[in-house]
Every structure is written in structure tokens, then in C-alpha cells.
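Written below as C-alpha cells is the structure these notes are about.
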Protein chains: 2
Amino acid sequence: MAYKTEHITQQIRAAREARNMSQRELSARSGLTQSHISQIERGTMEPGLASLVDVARALDLEIVLAPRKLMPAIGNILANASLTSNSLTSQQRHLVGRIDRWLAEGRDRFAVASDADSLKDSLALLRHLPLTADELETLHDLTMRLQRWKSDPPSPKEVRDFVHAVRALRNAAVHRDRDDAIPRSAYALDEEDDDA
Amino acid sequence: MAYKTEHITQQIRAAREARNMSQRELSARSGLTQSHISQIERGTMEPGLASLVDVARALDLEIVLAPRKLMPAIGNILANASLTSNSLTSQQRHLVGRIDRWLAEGRDRFAVASDADSLKDSLALLRHLPLTADELETLHDLTMRLQRWKSDPPSPKEVRDFVHAVRALRNAAVHRDRDDAIPRSAYALDEEDDDA
DNA sequence: GTGTTTTATGCAGGATTCTATATCATCCTG
DNA sequence: CAGGATGATATAGAATCCTGCATAAAACAC
């Protein structure tokens with residue numbers, strides 16, 4: 001019943017989640033009801049065009065009608081852009097990678113087994129969410145501990161603290177208000193979107 | 001009242017008229033009523049998304065959700081294509097076709113596998129976007145290399161350079177401002193350079 | 001000008017969207 | 001564990017879409 005528009009509504013959900021926006025927040029920005037948004041995303045009902053436009057705008061998306069034969073070219077542009085939409089500095093990538101490799105070396109360092117999972121989960125998100133300069137510094141300090149631990153094995157408590165600290169960063173990144181944050185992009189020497 | 005979606009419904013009418021299709025015929029193809037179509041086109045009512053999809057399909061159009069920041073690039077493709085797709089010189093088509101065939105001959109020439117994909121992407125866009133005379137010349141020079149490589153196989157580095165050069169042309173075409181560019185079409189006497 | 005085709009309107013309904021408001025289960029954090 | 005946030009559901013009612021005719025108004029032919 002609601003399958004003709006599924007690909008579109010799926011994109012809406014994907015875009016919302018990519019921005020870590022809740023249905024309620026999207027509701028506020030778009031003017032639709034949260035329950036309405038839920039139903040649209042689940043395919044329970046097909047939105048009217050007006051609603052779709054409202055939601056899209058709230059997500060910084062535009063609705064375009066394109067000739068079918070041009071779809072390859074357009075898909076091409078969209079695909080390339082999503083690759084470079086990384087607002088992460090290379091430093092952040094680097095640090096996360098470091099912790100990741102440390103984790104991969106062995107999970108037997110963790111007194112509490114679930115801590116390893118927790119850490120892995122945190123890293124998964126930190127791979128995609130930008131940190132502030134301060135947080136980045138914290139992350140840097142944390143990885144320095146790993147360095148020290150090579151010659152001086154950590155106590156179980158130290159490992160726990162480490163996991164919690166990383167988790168705290170994760171939470172900060174996840175729950176940040178999208179309106180503040182990431183002033184970094186201004187002087188970022190990281191990415192110039194040459195769109196390649 | 002019906003202003004949010006006006007630009008979209010206008011495109012529908014434009015597309016229909018461009019095909020010399022009557023509202024009745026579109027009605028038959030899409031399954032909507034003629035009166036319904038009339039009201040949509042006039043902005044008397046806003047269609048539901050399902051209806052829009054039906055109509056679009058009947059017109060060989062696809063609905064795309066695109067990030068606002070990519071709209072210039074996409075508008076570029078759409079605008080150029082609607083110029084009866086004749087803004088491309090046959091020379092450009094010819095040269096692109098040549099590279100395309102060369103690519104089809106085998107992807108084993110690429111040291112870096114993703115380079116083959118990159119090249120393919122570039123060609124997909126160069127098939128639709130016009131180049132300036134200068135760029136066209138560059139493209140011509142590039143295809144000459146292929147000629148040489150037939151008797152003198154290229155080094156991996158040469159292949160990479162080639163891919164990058166084509167990509168540069170692609171980027172130039174994609175991000176060009178629609179306002180400048182393509183004065184060519186007026187007095188286009190594109191000559192076929194059949195040197196092969 | 002007559003006749004045909006196309007588009008614009010009108011209206012009665014049934015169907016669906018959409019809002020407003022609540023509730024519930026779940027997950028996460030402190 | 002308590003508190004907060006998130007997403008899925010439910011219900012009732014207002015609003016709107018959409019169909020199915022039917023018909024008026026243009027527009028275009030011969």
C-alpha cells in the first residue's frame with residue numbers, strides 16, 4: 001500500500017538519523033507532529049507533498065524532479081558528496097584509530113567484559129561525530145595513557161576509568177545541540193571539498 | 001496557500017507540455033483524474049506524495065531528495081540537459097565514448113582499483129555537461145594518450161595521472177556557474193576530429 | 001462558424017491525511 | 001533505581017485529497 005514512496009520516506013529517516021535528530025526535534029522544526037513523523041517513517045501512511053516539503057526543508061534537503069535518464073549522473077554527485085561529508089578532523093580519526101587498535105590487541109585487559117563492548121560502541125560513534133577542540137584534547141590525553149600502559153600495565157580500575165572517559169566523550173558528541181558545536185570547520189585545514 | 005509546492009507542480013506542467021501530452025493522456029498513464037491533474041497544475045490543491053510519484057513516473061521523472069548545498073551542481077546537470085541535450089558537441093561525445101571504450105577493454109590496467117570507478121563516474125557526468133573550448137582541447141589531448149598507449153603500455157603512474165586529469169575536467173564541469181560558460185552553442189560547428 | 005479537443009470548474013461522496021493529546025515500552029544516564 | 005528522552009501506537013475530529021461524473025470555457029481545427 002505504501003510502497004511507492006518508501007524509498008523517499010526511508011531517505012527522510014536516514015537523513016534525520018544521520019544528524020542525530022530526534023523525531024520530536026524534527027517535529028518542532030518542521031511543524032508536523034511527532035506521531036505523524038513516526039508513521040511516515042514507518043510507512044504506516046503516505047505523507048502529502050506539503051508535509052514532505054516541510055520535513056525536507058527542516059533537514060536541509062530539497063526535492064528535485066529529474067529525468068530518469070539523468071539519474072546516473074545525479075546519483076553520482078550525491079554519492080560523492082556523502083563520502084566527503086566527513087566533518088571529522090584527521091586528528092580525531094587518528095586518535096580513534098589508535099584506541100581501536102589497542103582494543104583489538106586483546107579484550108582480556110578488561111575486568112568487566114561488557115566494558116570492552118562499551119568501548120567498542122563508543123568508538124563506533126566517535127568515528128562519525130565531531131568533537132569540540134576541548135574534547136579533542138581530552139581524547140588526545142586519553143590515548144596518551146595507552147602509550148604509558150605499554151611499559152606500565154594498567155590496573156583494572158584504570159581501565160574502567162578509561163572506558164568511562166571515552167564513553168563520556170561519546171555522550172557529549174551524541175547529545176550535542178546541532179546549533180552550537182563545530183566552529184572548527186572554519187579554520188579546518190582538513191577537508192577541502194574538492195568533491196572527489 | 002499552495003506555494004510550498006508550486007515549483008514542483010510547475011515542473012510537472014512544464015514536463016507534460018514539453019511532451020505534447022494532454023491532461024487526459026497523462027491522466028490515463030498516471031491513473032489520476034483529469035480534473036485532479038488540472039487542479040494540481042493550477043495549484044488549486046497540493047497533491048499527496050503518492051499522486052506526485054504516479055504523475056512523475058508517467059512523465060519519466062524521478063523524485064530526488066538532495067542536500068541543499070548540492071543544488072547548484074544538480075541544477076547544472078538539469079539545466080544543461082534540458083537544452084535538448086545538444087549543448088554537447090559531437091566531438092565531446094566522441095572523445096568521451098573513446099575513453100569509455102578504453103575503460104571497457106579492461107580494468108586490470110588500474111593499479112588502484114577505485115581509479116577505475118572514479119574514471120567511470122567522471123565519464124558519466126562528462127556525458128551530460130558541456131566543456132569549454134579549452135577543456136575540450138585538454139580532453140582531446142588526454143585521448144591522444146590512449147592512442148600512444150596502444151603500442152607503448154603506460155606505467156601505473158601514467159594511468160593515475162590520466163584518471164586525475166579526467167576527474168579535474170569533471171569537477172570543472174560540475175561546479176561551473178551556469179551563468180558563464182557555453183557560449184559555444186550558438187555558432188557550434190563542431191568538427192569531427194576523426195584521426196583514429 | 002461548426003465541430004473537436006483541451007483545460008478549467010463544480011459538487012457529492014468516500015478515503016486519507018494530519019493535528020492534538022496521551023500512553024507505553026525501551027533505552028540511557030546519573 | 002529514578003528521571004529523561006526516544007520511538008511506536010491509539011483515538012477523535014478537522015481538514016484535505018481524490019474520484020466520478022458533468023459541464024462550462026477556451027483553444028484549435030476544418
Side-chain angles (χ1 to χ4, degrees), chain A residues 1-6 8-10 12-56 58 114-115 117-122 124-126 129 160-161 163-178, chain B residues 1-6 8-10 12-56 58:
Chain A
M1 171 119 55
Y3 286 125
K4 267 179 308 208
T5 65
E6 199 191 14
I8 298 176
T9 54
Q10 279 314 100
I12 292 293
R13 163 163 274 178
R16 180 180 63 79
E17 288 177 343
R19 285 154 206 256
N20 293 302
M21 197 182 292
S22 73
Q23 288 182 345
R24 284 197 160 79
E25 184 173 356
L26 180 56
S27 158
R29 296 195 188 211
S30 63
L32 309 202
T33 308
Q34 178 264 328
S35 84
H36 193 187
I37 292 176
S38 172
Q39 301 196 54
I40 290 174
E41 288 186 348
R42 304 203 84 231
T44 300
M45 69 164 54
E46 312 214 294
L49 181 54
S51 299
L52 180 69
V53 169
D54 286 338
V55 171
S114 66
D115 275 356
D117 295 327
S118 167
L119 182 57
K120 194 178 168 194
D121 170 67
S122 299
L125 283 158
L126 288 175
L129 299 177
R160 276 222 106 179
D161 284 349
V163 172
H164 287 350
V166 175
R167 182 139 200 109
L169 282 181
R170 178 214 106 117
N171 289 336
V174 166
H175 294 115
R176 180 171 2 261
D177 227 332
R178 262 154 314 290
Chain B
M1 178 74 131
Y3 283 126
K4 267 181 307 209
T5 65
E6 199 190 14
I8 298 175
T9 53
Q10 279 314 101
I12 292 294
R13 162 163 276 178
R16 178 179 66 78
E17 288 175 343
R19 284 152 213 254
N20 292 313
M21 198 181 292
S22 74
Q23 288 182 346
R24 279 212 148 69
E25 187 175 353
L26 181 56
S27 160
R29 291 191 195 222
S30 62
L32 309 203
T33 308
Q34 178 266 327
S35 86
H36 193 188
I37 292 178
S38 172
Q39 301 195 50
I40 290 174
E41 288 186 350
R42 304 200 81 237
T44 300
M45 69 163 55
E46 312 213 292
L49 180 54
S51 300
L52 180 69
V53 170
D54 286 339
V55 172

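Each chain gets a letter, A, B and so on, in the order its sequence line appears, and its residues count up from 1.
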Most 5' of A/P47 and A/R167 on DNA chain C, judged by nearest nucleotide: A/P47
Whole angstrom is fine here: how far is it from CG in B/N20 over to C1' in C/dT6? 13 Å
So if I define the base as every atom that isn't primed, P, OP1 or OP2, how would nucleotides 25-30 of chain D read as a B/S/- string at a heavy-atom cutoff under 4.0 Å? ------
Got a salt bridge between A/E41 and A/R16, using NZ or NE/NH1/NH2 to carboxylate O under 4.0 Å? yes
Between protein and nucleic acid, restricted to nucleotides 7-13 of chain C and to nitrogen or oxygen atoms under 3.5 Å apart, what atom pairs and distances do you find?
unit_1, atom_1, unit_2, atom_2, d
C/dT7, OP1, B/R16, NH1, 3.0
C/dT7, OP2, B/Q23, N, 2.7
C/dA8, OP1, B/R13, NH2, 3.1
C/dA8, OP2, B/R13, NH2, 3.2
C/dA8, OP2, B/Q23, NE2, 2.9
C/dA8, OP2, B/S38, OG, 3.2
C/dA8, N7, B/Q34, NE2, 3.2
C/dA8, N6, B/Q34, OE1, 3.3
C/dT9, OP1, B/R42, NH1, 3.2
C/dT9, OP2, B/R42, NH1, 2.2

How close or far is atom C1' of D/dT16 from atom CG of B/L49, stated in whole angstroms? 15 Å
Can you measure A/K4 atom NZ to C/dT17 atom P for me and round it to whole angstrom units? 11 Å
With sequence neighbours excluded, tell me which residues meet salt bridge (charged side-chain N to carboxylate O under 4.0 Å, His left out) with A/R42. none
Between C/dT17 atom P and A/D54 atom CG, what is the distance in whole Å? 16 Å
Tell me every residue that passes side-chain hydrogen bond (donor to acceptor under 3.5 Å, both in side chains) with B/Q39, counting only those two or more places apart in sequence or in another chain. none
So what is the end-to-end bend of the helix from C/dG1-D/dC30 to C/dG30-D/dC1, with 5 pairs used at each end and the value given to 10 degrees? 50°
Rounded distance (Å) that lies between atom C1' of D/dT16 and atom CG of A/L32: 15 Å
From the options D/dC17, C/dC18, D/dG20, select the nucleotide whose nearest atom is closest to the side chain of B/M45. D/dC17
Point-to-point distance, once rounded to the nearest 0.5 Å, from OG1 of B/T9 to CG of B/L52: 9.0 Å
Taking salt bridge (charged side-chain N to carboxylate O under 4.0 Å, His left out) as the definition, give me every residue that meets it alongside A/R24, ordered by chain and number, with sequence neighbours left out. none
Taking D/dT19, C/dC18, C/dT29 as options, the one with an atom nearest any side-chain atom of B/T33 is D/dT19
